[in-house]
Amino acid sequence: MNVAAALAQARALGLERLDAHLLLAHALQQSRAWLVAHDDAALSPGQQQRFAADCRRRADGEPLAYVLGEREFHGLQLQVGPAVLVPRPDTETLVDWALELLPTLPAKAPAVVDLGTGSGAIALALKHAHPAARVCAVELSAPALAVAQANAERLRLDVAWQPGSWWQPLRGRHFDLAVSNPPYIAAADPHLPALRYEPLQALSPGGDGLSALQQIVQGAPAHLAPGGWLLLEHGHDQAPAVRSLLQAHGLCEVSTRLDLAGHPRCSGGQLSRSA
Ligand code: GLN
């Protein structure tokens, strides 16, 4: 079987053209450009088997990032697997907001924490783009923390990893910036079944989807330095609820930012400087 026939076989399974190309490039350890220039190159039996198995996984609905074992996020190539949520472009909104704030903070080496770091995507993107920050990341799931640590080692980024739930392992510590993309999908959300390959505990806290956001906001005043910021990712219809939570816990300068699709995706606020 050659490249053209392999791609035709993948399309016959119902795969998108881009997915078929990326999976074949992966099976052959070549670039997409190479594939286009070599559509009569023969696949070895091992490559054929690998490609066919990968195509079946993708056709069954497994995220492409898990089949490839990697996903790009904010310019970093991260390894991902079923222990962690696939990093999404929406979350770059949160990273960009944090990167705008970091240079405005009075601390030269601001203390930053990412609560529920998963693959480490947010913490690693912040450390990479703002090396002066002292970045710490908390994660309850041991398999997820192992993925994050492996990503940090491969990318040679220095982040302090903390097992635990939200603020719980950070008693007595204060941060200039706290960020989180917690589970926020409501238990009855019709999109949840389509995300069945991803860890449920990273997607939904159950109920109306607000309980993790609530816990994080609640703990913020005790863990933010005076003038410190909390930025949260949330569902497209949760911005008013999250802004109310932030205000109810005494944060000021509360505002919301849109993701690339134009949905209100992140809200944040600042602890008063005189707190
Ligand atoms: N943004 C993801 C989704 O809707 C969910 C991420 C999360 O729950 N934190 O697919």
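The first residue of the sequence shown is numbered 1, and numbering continues consecutively from there. Start at 1 and go down the list; that is how both ligands and their atoms are numbered.
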Residues that D19 engages under side chain to side chain contact (heavy atoms under 4.5 Å, CB included), provided they are two or more places apart: E16, R58, L64
Sub-4.0 Å atoms of ligand 1 with respect to non-hydrogen atoms of P183: 8 (O)
Ligand 1 contact on T91 by region, counting heavy-atom pairs under 4.0 Å: neither
Structural part of A202 in contact with ligand 1, heavy atom criterion under 4.0 angstrom: backbone
Test: E198 and R88 ion pair at under 4.0 Å: yes
Modelled atom types, side-chain donor and acceptor of D96 and T93, under 3.5 Å: no
Protein heavy atom at shortest distance from atom 8 (O) of ligand 1: L203 O, 3.1 Å
Atom 3 (C) of ligand 1 [closest protein heavy-atom partner, distance rounded to 0.1 Å]: R88 NE, 3.6 Å
Atom 1 (N) of ligand 1 [closest protein heavy-atom partner, distance rounded to 0.1 Å]: Y184 OH, 2.7 Å
Contacts of Q79 that satisfy side chain to side chain contact (heavy atoms under 4.5 Å, CB included) - sequence neighbours left out: N151, R154
Backbone of S165 reached by a side-chain donor or acceptor of W167 within 3.5 Å: no
Distance filter under 4.0 Å to E233 heavy atoms, resulting ligand 1 atoms: 1 (N)
Atom 4 (O) of ligand 1: the protein heavy-atom neighbour that sits closest, reported with distance to 0.1 Å: I185 CD1, 3.8 Å
Polar contact flag for N181 and ligand 1 (N/O pairs, less than 3.5 Å): yes
Polar contact flag for P182 and ligand 1 (N/O pairs, less than 3.5 Å): yes
Per-residue contact class, L195 against ligand 1 - non-hydrogen pairs under 4.0 Å: side chain
Ligand-residue contact atoms, ligand 1 with L85, heavy atoms, under 4.0 Å: 6 (C)
Exercise: do Q238 and Y184 side chains pair donor with acceptor under 3.5 Å: no
Under 3.5 Å side-chain donor-acceptor pair for H223 and R171: no
Identified salt bridge (charged side-chain N to carboxylate O under 4.0 Å, His left out) partner of R257 from the options E233, E100, E92: E100
